[in-house]
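To start, the structure itself, in structure tokens.
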Amino acid sequence: MLVHGGAGDVPDARIERHVGGCRAAAARAQAILAAGGSALDAAQAAVIVLEDDPVFNAGTGACLTAEGSLELDACVMEGEALRAGAVCALPPFKNPIAIARAVLEDGMHVLYAAGGARAFAERAGFSPADPASMITEAAREKLALALASGTVSGWAGGTVGAVARDVHGHVAAATSTGGMVGKRPGRVGDSPLVGAGTYADDRGGAASATGHGEGILRVALSATAVAALARAGAPEAVAREVIAGMQARVGATGGLILAGRDGRLGWARSTRTMTWAAEWDGGSEAGA
Ligand code: ASP
């Protein structure tokens with residue numbers, strides 16, 4: 001299994017902290033996989049650890065809209081039956097990925113937005129969070145800087161995602177984010193959209209993307225990568241190829257993590273950093 005803590009430009013002094021968060025998430029997921037658990041449970045568990053860690057732009061600590069509010073996006077998908085669940089522009093709830101999972105299990109629809117996502121979550125037994133418990137000082141500072149500069153020039157960094165393959169041979173992917181700092185209310189990025197920020201299909205593998213959402217959306221990055229994996233590509237080569245292809249086609253930068261149907265892992269980024277951590281039977285590795 002492999003997790004990412006977002007493509008971006010994490011200053012060198014803070015890399016260790018971000019990589020540590022990724023390691024903790026990967027370890028939690030690996031414990032599930034080692035006990036025979038599903039890739040879906042493992043990917044969700046990893047993302048919950050990252051949502052709860054305030055240094056990442058997901059769940060607690062997520063970035064703010066231009067109006068200073070939280071609008072959260074998350075998606076989870078499994079590769080056996082291609083079931084998926086997602087929420088977008090969700091008001092504050094502690095773990096958006098758990099709500100996305102409830103959407104997947106409910107099975108009636110794939111994606112709920114804003115007030116409808118809130119209503120679904122409440123019906124499913126989740127309680128809204130006090131915004132003050134999820135909005136960090138760092139998120140407020142980033143918004144103030146973005147507003148002062150007058151442009152929403154980039155993304156926040158720190159989006160989180162996970163891909164996993166289990167002993168049953170099934171793959172799954174999960175992604176969660178606050179999106180871009182100072183985004184216009186109602187803006188939805190790639191992360192919660194099946195095929196853009198998140199995709200899983202046992203015929204190819206699982207993908208979670210991060211980076212410039214508008215670019216990732218326009219090239220359907222995750223579905224494109226999984227289709228390439230299905231044609232027997234090696235994850236690392238595929239990740240590099242689609243990230244380079246996105247840059248060439250729409251001028252967007254970002255990163256991608258992949259788990260192939262055979263369990264091989266790969267990642268690539270065109271940003272300065274993308275923190276990540278991997279765990280497999282008998283080993284682990286992490287970096288930026
Ligand atoms: N892709 C995310 C979005 O555009 C941002 C990120 O990955 O940092 O919402």
Side-chain angles (χ1 to χ4, degrees), residues 2-11 14 18 21-22 25 47 50-51 53-59 61-66 69-76 86-90 96-97 100 111 113-114 117 138-139 142-143 146 151-163 173-199 207-225 239 242-243 246-247 250-258 267-276 288:
L2 177 57
V3 311
H4 72 75
D9 189 5
V10 177
R14 293 220 298 273
H18 284 241
C22 290
V47 167
L50 295 163
E51 285 180 339
D53 185 332
V55 305
F56 296 105
N57 172 21
C63 69
L64 303 172
T65 68
S69 59
L70 283 172
E71 293 190 357
L72 306 166
D73 295 342
C75 179
V76 63
V87 286
C88 64
L90 177 77
I97 201 68
L111 172 63
K142 279 189 183 157
L143 177 62
T151 54
V152 180
S153 53
W155 64 94
T159 286
V160 306
V163 292
T175 313
S176 182
T177 188
M180 295 169 84
V181 182
K183 65 186 181 182
R184 290 178 177 163
R187 179 265 187 187
V188 174
D190 60 296
S191 308
L193 300 181
V194 170
T198 310
Y199 203 65
S208 172
T210 170
H212 190 237
E214 282 68 10
I216 295 168
L217 272 167
R218 288 188 286 151
V219 299
L221 191 73
S222 292
T224 302
V242 299
I243 287 291
M246 174 169 75
Q247 184 131 31
V250 296
T253 56
L256 185 70
I257 57 170
L258 296 175
W267 60 269
R269 57 166 163 77
S270 54
T271 48
R272 197 183 76 84
T273 65
M274 180 181 72
T275 53
W276 59 273

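This chain uses plain numbering: 1 for the first residue, then up along the sequence. Counting starts at 1 for both ligands and their atoms, in listed order.
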query: Taking Lys183 for the side chain and Gly178 for the main chain, is one N or O donor matched with an acceptor at less than 3.5 Å?
result: yes
- prompt: Quick check: does any side chain N or O of Ser69 sit under 3.5 Å from a backbone N or O of Thr65, one acting as donor and the other as acceptor?
  reply: no
message: Yes or no: does Met274 have any heavy atom under 4.0 Å from an atom of ligand 1?
response: no
message: With respect to Thr177, determine whether any N or O atom, backbone or side chain, lies less than 3.5 Å from an N or O atom of ligand 1.
response: no
query: Who gets closest to atom 3 (C) of ligand 1 by heavy atom: Leu221, Asp190, Thr175?
result: Asp190
- prompt: Should you measure from each heavy atom of Thr210, which atoms of ligand 1 turn up under 4.0 Å away?
  reply: 6 (C), 7 (O), 8 (O)
- prompt: Does at least one non-hydrogen atom of Gly6 fall below 4.0 angstrom from an atom of ligand 1?
  reply: no
- prompt: Heavy-atom distance under 4.5 Å between the side chains of Tyr199 and Val194, does that happen here?
  reply: yes
message: Keeping Asp73 on the side-chain end and Ala89 on the backbone end, is there a donor-acceptor pair under 3.5 Å?
response: yes
query: Which atom names give the shortest non-hydrogen contact between Val250 and Arg218, and what distance separates them?
result: CB-NH2, 3.9 Å
- prompt: How far does CG of Leu64 sit from CG of Leu70, to the nearest 0.5 angstrom?
  reply: 5.5 Å
task: Answer with yes or no whether Gly211 contacts ligand 1, where contact means a heavy atom under 4.0 Å from a ligand atom.
output: yes
query: Among Arg187, Met180, His4, whose heavy atom sits nearest atom 9 (O) of ligand 1?
result: Arg187
- prompt: For ligand 1, does Lys183 get within less than 4.0 Å through its side chain, its backbone, both, or neither, judged by non-hydrogen atoms?
  reply: neither
query: Relative to the heavy atoms of Thr159, which atoms of ligand 1 are at a distance of less than 4.0 Å?
result: 2 (C), 5 (C), 6 (C), 7 (O), 8 (O)
query: Is any N or O atom of Ile216, backbone or side chain, closer than 3.5 Å to an N or O atom of ligand 1?
result: no
Thr175 and Thr198 side chains, donor-acceptor separation under 3.5 Å: yes
